[in-house]
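Everything numeric here is computed off the predicted structure, so don't read it as measured data. Chain letters run A, B, ... following the sequence lines, proteins first, then strands; residues in each count from 1.
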There are 2 protein chains.
Amino acid sequence: MSKQLTMSDIARMAGVSIATVSRVLSNHPMVREETRKRVLALVKEHRYEPSYVARNLSTRRTHTIGVVVDDISNPFFMELAKGIESVLQKNRYTMLLTSSSWDTDKEAELIRTLLRNRVDGVLITPVHPESESTEIMRRNGVPFVIMNCRSDHDSASYVSTDNLEGGRVAAELMLRTSPAHFLCLSGIPHQSTNERAEGFIQEIKNHGRSEDLAVYEEVRTFEDGYNIVPSLIARNRVDVVSTGIFTSNDFVAMGILDGLIEHKIPVPSQVSVIGYDDIAFAERYRIPLTTVVQAKQSMGQLAADELMELIQDRNHTPARLLLKPRLIVRDSCPTAQTHPPRSVVQ
Amino acid sequence: MSKQLTMSDIARMAGVSIATVSRVLSNHPMVREETRKRVLALVKEHRYEPSYVARNLSTRRTHTIGVVVDDISNPFFMELAKGIESVLQKNRYTMLLTSSSWDTDKEAELIRTLLRNRVDGVLITPVHPESESTEIMRRNGVPFVIMNCRSDHDSASYVSTDNLEGGRVAAELMLRTSPAHFLCLSGIPHQSTNERAEGFIQEIKNHGRSEDLAVYEEVRTFEDGYNIVPSLIARNRVDVVSTGIFTSNDFVAMGILDGLIEHKIPVPSQVSVIGYDDIAFAERYRIPLTTVVQAKQSMGQLAADELMELIQDRNHTPARLLLKPRLIVRDSCPTAQTHPPRSVVQ
DNA sequence: TTTGCCGATGTAACCGTTTGCATACATAGT
DNA sequence: ACTATGTATGCAAACGGTTACATCGGCAAA
């Protein structure tokens, strides 16, 4: 494998200067048609591929954006990435992907690495809304867009979901079926998750039902959900008191369902369950799960679009987008229509 | 936001030459301790971050590897990526991620883009084992490792799963429970999927049961699986002839299960089902699914490790790794132990 | 014929590092 | 005192492009 070809090789072969080759390759208009053809023929013949790293150094732009996610192997991220990719591909950008594993120090370090690579911008799902990472980016004047998290900072662009609203609509649905008791199981301590719970709790309170509400924290996994059922029975008597349960993710909800089934507690007549995310198969679970969805792919797209804007126009007004979550009603929770008769039966 | 600092700024401030700063930053031993400290202090104070793009140009290495997957929003890829990331992070490499959307032309174009970015190596889940993409990389002498696909090319490194074996063990289990009839539903026309079916079919033939085997192709999705059940009943009489069904992915298997349940066909006594992949919740499906798993994360790790080797040592002997798939027995298929009694009952 | 302008091309500086080689100084060996 | 040796540093040439500016022939206008 011989040395990589460079522009000067092509230039020599075409009998022109490097500058001319460069002009041809960047579609500069000021090139004679015949010259252009000759150069392009040689480029094609020798399969010359220009070095972006040289070009990047010279132009001080890399057409690369950094993406920092909390966890690569997270289905949420996949969807996000799909949206991002489509936008980047359209704009001929490439993506440098890294994951922070929920560690703020690592996150900051990743940002530094991205900056050293002189990325044109960053898309990030930050562990915390404001942190060293965002500070570093601001200090270096690198445009960035926060995903799945709101930030109060003036200059911050973000695209997130209205999680308060998500919790609220879940509560709204649940209130309509008037169970005697409400449970809110909140998950990891992250802004998005907290807000879901908060929205739910707010709405319950607004309806003067706060006395009938119990909150559990740090219930994260399927197992957590499954394992907590006995204590819900012991402490909240969900087996005899009609109860509505809201969880901050579908895994927990499914665990709960399994536990309830095992204890032969009828769903949704005795206990109704609402999850969050609409993961694959929520729809086809043993009891199809009522849940709140976020437009993940759109979130990625919008964030990437916003970043493109920021890159093009440094003083573009930061966008703060809150996507509306969508409530999907399935069998784990009675719909307004179906519940009343059933609840009478129970 | 003032201009980015460069080495020469630091050099001027420290009263040394650029070369010295460079030496300090790359831990060259030949620097007086006092000088090193002075420079490092300034670097820290001014938060100077060296430009990797300049460094890359100079050293002709980027410490970046390109990753080309067929579909970003594929759970399979997530796992793979996790394995890859861990290795890259350890070796201080970054990853340029792109996705081909199963399009060979796009794939080739992506490879070209990666080459222009002068990546040090490429990890790819190719649409086809040999194609323009691999040819381009070979021609340019870029080390690459194929994932989830075998290649017959001498110089190819790959890490894949022994899919033939996967199909075979599924058949083996199924044969032990001796249904009267076998069905093999193969999915997308990709090497990996084809081999799963092939392994299954082979083993059935080896046991002289090929006459009892029917094969369906292009059954890909949950819906495909669900929708095909009526015709399986009509054409193969799975409702009365005890049948073992092998599908090349869990979605299809789940669809089949739903269809069977709907038609009140008892599983696994009348019909048994084996899937492939062990997707999340296969374990907790209405009927927990027997399935074959691949060590996805290991695949990513091993591939990345191999790539690191190739990069370090250009004439490292290519590794050809076939990971052993693992059969996970659950309720959709009778185990050797549980089946006999149950089948008697039926 | 001269002037002026324009389109096509070449020249060379620059982007921000790395690194081979030269230099300079100090210390040790003779 | 005079090489040898070694250590710390500087100089300058790469790396492979982009681009402002200079150059130059040709043609229209004066």
### Query
Taking only residues two or more places apart in sequence, or in another chain, which ones meet B:Arg38 in a salt bridge (Lys or Arg N to Asp or Glu O under 4.0 Å)?
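For B:Arg38, the residues satisfying salt bridge (Lys or Arg N to Asp or Glu O under 4.0 Å) (neighbours in sequence not counted) are B:Glu34.
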Table please: side-chain donor-acceptor pairs of residues 19-27 of chain B below 3.5 Å, with sequence neighbours left out.
residue, atom, partner, partner atom, Å
B:Thr20, OG1, B:Ser17, OG, 3.3
B:Ser26, OG, B:Ser22, O, 2.8

#### Entry: Side-chain heavy-atom pair A:Gln294, A:Phe76 within 4.5 angstrom cut-off
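Yes. Closest side-chain heavy atoms under 4.5 Å.
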Could you go through nucleotides 7-15 of chain D and list every protein N or O atom that sits under 3.5 Å from one of its N or O atoms, giving the distance for each pair?
residue, atom, partner, partner atom, Å
D:dA8, O3', B:Arg32, NE, 3.3
D:dT9, OP1, B:Arg32, NE, 3.3
D:dT9, OP1, B:Arg32, NH2, 3.0
D:dT9, OP1, B:Thr35, OG1, 2.4
D:dT9, OP2, B:Arg32, N, 2.8
D:dT9, OP2, B:Thr35, OG1, 3.3
D:dG10, OP1, B:Ser17, N, 3.4
D:dG10, OP2, B:Ser17, N, 2.6
D:dG10, OP2, B:Ser17, OG, 2.8
D:dG10, OP2, B:Thr20, OG1, 2.6
D:dG10, O6, B:Arg23, NH2, 2.6

### Query
What do the steps show when you test B:Ser100 against B:Asp70 for side-chain hydrogen bond (donor to acceptor under 3.5 Å, both in side chains), and what is the final call?
CA-CA 5 Å; B:Ser100 68; B:Asp70 34 54; over 6 Å; no
### Query
For the helix from C:dT1-D:dA30 to C:dT30-D:dA1, what is the angle between the axes at its two ends, each from 5 pairs, rounded to 10°?
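So the angle between the two local helix axes works out to 60°.
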### Query
Has A:His128 got more than 12 heavy atoms of other residues, nucleotides or ligands less than 6.0 Å from its NE2?
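No, NE2 of A:His128 has 12 or fewer neighbouring heavy atoms, counting only those of other groups under 6.0 Å.
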#### Entry: Neighbour count above 12 (heavy atom, 6.0 Å) for B:Asp313 CG
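Check passes, neighbour count above 12.
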### Query
Just checking B:Ser51: base, sugar-phosphate only, or nothing, at a heavy-atom cut-off of under 4.0 Å?
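Counting heavy atoms under 4.0 Å across all strands, the contact made by B:Ser51 is with sugar-phosphate only.
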With distance as the sole criterion, is a donor-acceptor pair present between the side chains of [X] and [Y] under 3.5 Å?
X	Y	value
B:Ser58	B:Asn56	no
A:Ser151	A:Glu130	yes
A:Glu79	B:Ser73	no

### Task
Please report, rounded to the nearest Å, how far the C1' atom of D:dG16 is from the CZ atom of B:Arg55.
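Distance check: B:Arg55 CZ to D:dG16 C1' gives 18 Å.
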### Query
Nearest-Å distance, CD (A:Gln4) to C1' (D:dG16)?
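It works out to 11 Å between those atoms.
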#### Entry: Leading and trailing nucleotides of DNA chain C with any atom under 4.0 Å from heavy atoms of chain A
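Both ends considered, the range comes out as C:dG7 to C:dG16.
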Sequence neighbours excluded and cut-off under 3.5 Å, please list the side-chain donor-acceptor pairs for residues 295-302 of chain B, or say none.
residue, atom, partner, partner atom, Å
B:Lys296, NZ, B:Asp277, O, 3.4

